[in-house]
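For reference, the structure is listed below as structure tokens.
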Amino acid sequence: MSRLPEDFIAAEHRLGAHNYKPLDVILTRGEGIWLWDVEENRYLDCLSAYSAVNQGHCHPKILKAMVDQASRLTLTSRAFRNDQLAYFYEEIAALTGSHKVLPMNSGAEAVESAIKAVRKWGYEVKGVPQNKAEIIVCSDNFHGRTMGIVGFSTDPVARTGFGPFAPGFKVVPFGDFEAFAEAINENTVAFLVEPIQGEAGVLIPPAGYFRRVRELCTEKDITLILDEIQTGLGRTGKILAEEHEEIEADVTLVGKALSGGFYPVSAVLSNTEVLGVLNPGEHGSTFGGNPLACAVARAALKVLVEEGMIENAEEQGAYFMKGLEEIRSNAVREVRGRGLMLAVELHPEAGGARRYCEALKNLGILAKDTHEDTIRIAPPLVIKRDEVDWALERFDKVLTRAAA
Ligand SMILES: *Cc1c(COP(=O)(O)O)cnc(C)c1O
């Protein structure tokens with residue numbers, strides 16, 4: 001006899017730390033863009049696990065790579081070499097135009113690793129006095145949940161109660177070039193920023209912002225670190241979102257879709273000497289670069305390209321956005337997005353995005369509210385046009401009905 005949804009929820013509530021407030025849907029199976037709950041209701045996934053499942057749920061080729069590798073060799077630690085790591089390096093470097101790669105696991109670990117490397121680069125290469133390195137970050141940033149990272153978050157929920165925090169970070173408003181320029185001093189080693197702020201509600205900076213930032217970073221010898229953990233690997237219709245800005249970061253962070261949702265795999269990609277400052281023993285991870293992770297990531301990158309998912313994200317994203325813009329609703333303040341990274345921001349009077357997400361769930365769509373008034377829409381990149389139409393019908397219903 002299977003458990004009822006209420007029983008799952010009760011057990012989670014009793015035993016689990018309450019650090020999430022999920023929609024009450026108990027998922028048991030996924031395929032492509034679709035998810036099924038324990039009562040066999042089907043949902044279109046409009047979150048894609050925060051863009052970790054860009055390739056669609058349980059992609060058969062990634063699954064096969066994972067099972068094949070898992071039955072051969074999973075983990076050796078980096079104390080020894082394995083026969084997958086070199087291929088992973090070659091393939092991700094070729095795809096992203098990078099020269100050095102540091103494999104890690106979670107996204108937050110990639111961010112932490114970049115911070116460590118860039119500080120050391122600051123002391124050894126740029127000549128910043130010991131322990132004086134400064135990193136500029138943006139307000140409303142989201143780079144993960146570790147101690148180092150929440151210390152420079154501007155979200156009170158993310159940081160309150162967790163101090164004391166590490167020094168060495170300066171916060172400037174996102175998208176404000178003048179503020180960035182003013183924050184620079186001789187100890188500035190890096191600017192860490194998301195190309196599009198996802199968690200903040202899919203915020204896109206003004207045109208030309210990143211071009212000017214790139215130029216100033218070059219002029220002042222500042223490492224531009226783009227956190228593409230959410231925007232990268234096809235989500236915005238390009239392999240990396242930096243392409244929209246026609247710039248190249250010095251350090252790029254990827255994670256999430258790097259495994260297609262099978263396994264935590266992240267990486268620091270660098271095209272300067274930044275990663276070159278790390279010597280044996282100075283940084284590491286038991287699981288980073290393990291053969292299972294490498295095999296999964298190789299397959300995840302391969303299907304993104306081979307199956308045209310990046311182009312599809314561009315095409316279906318534009319179509320989806322146009323459809324959302326055509327919905328006539330008093331509740332909608334703005335529709336934003338790039339590729340299949342979309343958001344509908346509601347007027348504050350609409351009563352919050354959460355209840356719209358509940359209503360969407362009842363019509364077979366799983367989407368996630370962010371920052372009270374924004375519905376984020378990010379389906380797997382394998383979505384087809386008729387499926388976008390199916391989704392639009394439901395968004396139209398919910399946005400016009402719930403607003404009336
Ligand atoms: C999700 C995310 C992270 C953190 O990744 P985890 O795997 O959850 O540690 C960092 N930066 C951005 C932009 C993200 O979206």
Side-chain angles (χ1 to χ4, degrees), residues 17 19-20 22 46-54 96 102-116 118 135 137-155 157-159 162 169 171 174-175 190-205 210 224-236 238-242 244-245 249 251-269 285 287-288 290 293 296-297 300 337-343 368-371 374 376-378 380-381:
N19 57 328
Y20 276 94
C46 275
L47 183 63
S48 307
Y50 303 94
S51 295
V53 193
N54 284 357
T96 60
L102 170 66
M104 298 298 289
N105 310 286
S106 69
E109 277 180 310
V111 176
E112 293 277 354
S113 304
I115 291 169
K116 285 176 71 177
V118 84
I135 296 173
V137 298
C138 285
S139 50
D140 299 314
N141 67 72
F142 184 84
H143 297 290
R145 300 295 198 164
T146 55
M147 281 305 307
I149 292 168
V150 298
F152 57 82
S153 169
T154 59
D155 177 0
V157 179
R159 55 183 280 124
F162 301 125
F169 299 94
V171 182
F174 180 64
F191 181 35
L192 167 62
V193 59
E194 300 154 82
I196 297 172
Q197 289 190 324
E199 296 311 292
V202 188
L203 303 183
I204 302 172
F210 274 110
L224 176 59
I225 308 173
L226 286 184
D227 180 345
E228 295 240 22
I229 292 167
Q230 193 164 140
T231 54
L233 306 180
R235 175 51 61 190
T236 68
K238 304 277 184 198
I239 187 73
L240 295 173
E242 68 174 21
H244 293 289
E245 312 291 340
V251 173
T252 301
L253 309 175
V254 290
K256 294 200 165 112
L258 187 48
S259 71
F262 278 81
Y263 191 92
V265 188
S266 67
V268 180
L269 309 172
S285 159
F287 279 82
N290 75 72
V296 167
R338 204 161 261 173
L340 278 169
M341 187 170 187
L342 300 161
K368 172 74 169 69
D369 49 302
T370 179
H371 281 244
T374 303
R376 177 187 359 210
I377 306 164
L381 310 185

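Computed from a predicted structure; not experimentally measured. Every number for a ligand or one of its atoms is a count from 1 in the order of the listing.
In this structure the side chain of E112 reaches within 4.5 angstrom of the side chain of I149, judged on heavy atoms.
With hydrogens and angles ignored, the 3.5 Å screen pairs a side-chain donor or acceptor of S285 with a backbone N or O of G288. At least one donor-acceptor pair under 3.5 Å links the side chain of T154 to the backbone N or O of D140. Between the side chain of E199 and the backbone N or O of N141, no donor-acceptor pair lies under 3.5 Å.
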Subject >> Criterion salt bridge (Lys or Arg N to Asp or Glu O under 4.0 Å) on E194 and R235, from CA distance to verdict >> reply: CA-CA 13 Å; E194 300 154 82; R235 175 51 61 190; over 6 Å; no

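Taking every heavy atom of both residues into account, V171 and S139 meet most closely at CG1-N, 3.5 Å.
Looking at H143 against ligand 1, only its backbone comes within 4.0 Å, counting heavy atoms.
Shown in contact with D227 at under 4.0 Å from a heavy atom are these atoms of ligand 1, numbered in order with element: 10 (C), 11 (N), 12 (C), 13 (C). Within ligand 1, the atoms closer than 4.0 Å to a non-hydrogen atom of I229 are 2 (C), 3 (C), 10 (C), 11 (N), 12 (C), 14 (C), numbered from 1 in the order shown. Every atom of ligand 1 is numbered from 1 in the order shown, and the set under 4.0 Å from a heavy atom of S106 is 7 (O), 9 (O).
Heavy-atom contacts from other residues, nucleotides or ligands closer than 6.0 Å to CZ of F287 number 12 or fewer.
Remark: ligand 1 and A108 share an N or O pair separated by less than 3.5 Å (distance only, no angle test). Among the atoms of E199, none of the N or O lies under 3.5 angstrom from an N or O of ligand 1. Checked by distance only, ligand 1 and G107 come closer than 3.5 Å through their nitrogen or oxygen atoms.
Distances shorter than 4.0 angstrom occur between a heavy atom of F142 and an atom of ligand 1.
Here the shortest heavy-atom distance to atom 14 (C) of ligand 1, taken over E112, K256, Q230, belongs to K256.
Distance remark: protein heavy atom not present below 4.0 angstrom from atom 8 (O) of ligand 1.
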